[in-house]
Structure formats: structure tokens, C-alpha cells
Amino acid sequence: MHFDGYLIRLLTPEDFEAFFQLVETNRARLASFFTGTVSRTKTREEARAFVLDITQRAKERTYFPYIIVDTSNGKIAGFLDLKNIDWSIPKSEMGCYIDVAYEGKGITTKAFCQFVDFCFAEHRFQKLFLRTHHSNTSARRVAEKAGFEIEGVIRRDYKTTAGELVDLIYYGKLSAS
């Protein structure tokens with residue numbers, strides 16, 4: 001998938017160093033709500049093992065990690081994923097984050113909207129959803145611009161890295177077909 005000088009593609013094992021750099025640069029920003037990623041990528045060796053694990057899970061169709069690549073310099077500008085996949089529905093939870101150097105430029109919204117369309121067409125999901133904290137106004141704005149609707153607030157639904165149980169807003173979007 002291409003848009004405005006960016007490419008969205010599956011993460012590969014060869015991307016581990018660039019992925020590690022993305023996480024390392026944004027670690028503080030990701031700490032509370034990307035606990036698995038942050039806790040499993042503290043070193044290059046851990047990042048390599050993490051990338052191998054999630055790329056294997058893509059082959060098994062239980063998790064799909066995608067990256068947003070800046071085609072002008074080859075740098076990973078962001079990350080998109082499909083998780084908590086239920087093929088019996090079929091539905092998937094979506095996640096995303098953007099490198100601090102790329103935020104505020106509309107890249108996340110464009111990538112996310114294109115990715116949503118891709119997920120409905122390619123994976124034939126009937127529903128996509130995401131969960132976010134009320135304080136994450138950027139994620140809420142991206143979800144709403146992509147046509148997601150608030151389905152509700154689930155209380156004490158997520159434990160942050162600091163161990164705090166927080167409420168999450170659930171957004172959902174249904175396939176047009």
C-alpha cells in the first residue's frame with residue numbers, strides 16, 4: 001500500500017534493527033499503552049526475538065504487524081497491527097503509533113484509513129475495533145476520521161506498565177459488505 005511517499009507493508013525479520021530504533025526513540029511515549037512491545041524490546045537481542053515472534057505469528061494468521069515506511073529515506077515512520085483476531089466472526093483489534101518525528105502531519109490518519117480499507121478487502125474482516133484511553137486524543141481523532149464509532153467504555157479494562165487499571169473507550173467499524 002502506497003500513499004504520499006509512504007509504504008505500508010508487513011514487518012519482516014530483517015526490519016528488527018529499524019524497528020528497535022523506532023521503539024527506542026519513542027519508548028517513553030509508548031510505555032503506558034504498548035506494554036508488551038516496550039517490555040519485550042529493551043535490547044537489540046530482545047527486539048530481534050520479538051520481531052521473529054510476531055512475524056511468525058503473521059504466518060500463522062494470529063497477529064499481523066505492519067510498518068509505515070518513509071520511502072524517501074527508508075526509515076520506519078510508524079507501526080500498525082492487527083491483534084486479538086477472531087476468525088469465527090471475523091474481526092480484529094487494530095493498533096498504531098507513529099514516530100515522534102512524523103506526528104502531527106496527517107500521516108497516521110492517511111495510513112490508518114488506507115489500512116482499514118485494506119483489512120476489510122484483504123482479510124475480509126466484518127468488524128475492526130480499537131481500544132484507547134480517554135487521554136489519547138490523537139488516537140481518538142484518527143479513529144473518528146476513519147469512520148469508527150464509539151461503542152462504549154469498558155471499565156478497568158487495561159493494566160498500564162505502572163500497574164494502574166484504566167478504563168478504555170472501544171471504537172468499532174463494520175464492513176460495508
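Please read all numbers here as calculations on a predicted model, not as lab measurements.
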Check your understanding: More than 12 foreign heavy atoms under 6.0 Å from NZ of Lys83: is that the case here?
Key -> yes
Check your understanding: Are more than 12 heavy atoms from other residues, nucleotides or ligands located less than 6.0 Å from atom CZ of Arg57?
Key ->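 Yes, CZ of Arg57 has more than 12 neighbouring heavy atoms, counting only those of other groups under 6.0 Å.
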Check your understanding: Lys105 side chain to Ala101 main-chain N or O, any donor-acceptor pair under 3.5 Å?
Key -> yes
Check your understanding: In terms of hydrophobic clusters joined by side-chain contacts under 4.5 Å, are Tyr158 and Val153 together?
Key -> no
Practice item. Taking only Lys NZ, Arg NE, NH1 and NH2, and the carboxylate oxygens of Asp or Glu, determine whether Arg9 and Asp15 approach each other closer than 4.0 Å. Key: yes
Study note, to complete from the structure: The side-chain contact (heavy atoms from CB on, under 4.5 Å) partner of Phe50 among Arg40, Lys42, Glu45 is Arg40
Check your understanding: Are Leu168 and Ile150 connected, step by step, through hydrophobic side chains (Ile, Leu, Val, Met, Phe, Trp, Tyr) whose heavy atoms are closer than 4.5 Å?
Key -> no
May I have the list of side-chain donor-acceptor pairs in residues 116-130 shorter than 3.5 Å, sequence neighbours left out?
unit_1	atom_1	unit_2	atom_2	d
His123	NE2	Tyr66	OH	3.4
Arg124	NH1	Ala121	O	3.3
Lys127	NZ	Glu151	OE1	2.8
Lys127	NZ	Glu151	OE2	3.2

Exercise for review: Specify the closest pair of heavy atoms between Leu80 and Cys96, including all atoms of both residues, with the distance to one decimal.
Suggested key: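 Leu80 and Cys96 have their closest heavy atoms at CD2-CB, 3.4 Å.
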Review point. Got a sec, which residues hit ring pair (Phe, Tyr, Trp, His ring centres under 6.0 Å) with Phe20, two or more places apart in sequence or on another chain?
Key: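 Result, ring pair (Phe, Tyr, Trp, His ring centres under 6.0 Å) vs Phe20: none returned.
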**Study point:** Residues that Thr25 engages under side chain to side chain donor-acceptor pair (under 3.5 Å), provided they are two or more places apart
**Key:**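 Partners of Thr25 under the side chain to side chain donor-acceptor pair (under 3.5 Å) test: none.
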Check your understanding: Do Ile98 and Phe19 share a hydrophobic cluster (ILVMFWY, side-chain heavy atoms under 4.5 Å, transitive)?
Key ->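 Each belongs to a different hydrophobic cluster.
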Exercise for review: Taking side-chain contact (heavy atoms from CB on, under 4.5 Å) as the test, write out the residues that go with Arg155, two or more places apart.
Suggested key: Asp167
Check your understanding: Is the shortest side-chain N to carboxylate O distance from Glu103 to Arg29 below 4.0 Å?
Key -> yes
Exercise for review: Name all residues meeting the ring pair (Phe, Tyr, Trp, His ring centres under 6.0 Å) criterion together with Tyr6; count only those two or more places apart in sequence or in a different chain, and write none if there are none.
Suggested key: Phe3
Point to revise | Candidate pair Glu24 and Arg27, rule salt bridge (Lys or Arg N to Asp or Glu O under 4.0 Å), full reasoning | key: CA-CA 5 Å; Glu24 191 65 17; Arg27 191 170 297 280; 2.9 Å; yes
Check your understanding: Between Glu164 and Lys159, does at least one N-O distance fall below 4.0 Å, as a salt bridge requires?
Key ->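 Salt bridge flag = no for Lys159 with Glu164.
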Review point. Given side chains that start at C-beta, do those of Asp70 and Tyr102 come closer than 4.5 Å, heavy atoms only?
Key: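 Contact flag for Asp70/Tyr102 side chains = yes.
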Practice item. Return yes when atom CD of Glu149 has more than 12 non-hydrogen atoms of other residues, nucleotides or ligands closer than 6.0 Å, and no otherwise. Key: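 12 or below, so no.
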**Study point:** Contacts of type ring pair (Phe, Tyr, Trp, His ring centres under 6.0 Å), residue Tyr97, not counting sequence neighbours
**Key:**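 Applying ring pair (Phe, Tyr, Trp, His ring centres under 6.0 Å) to Tyr97 gives Phe34, Phe79.
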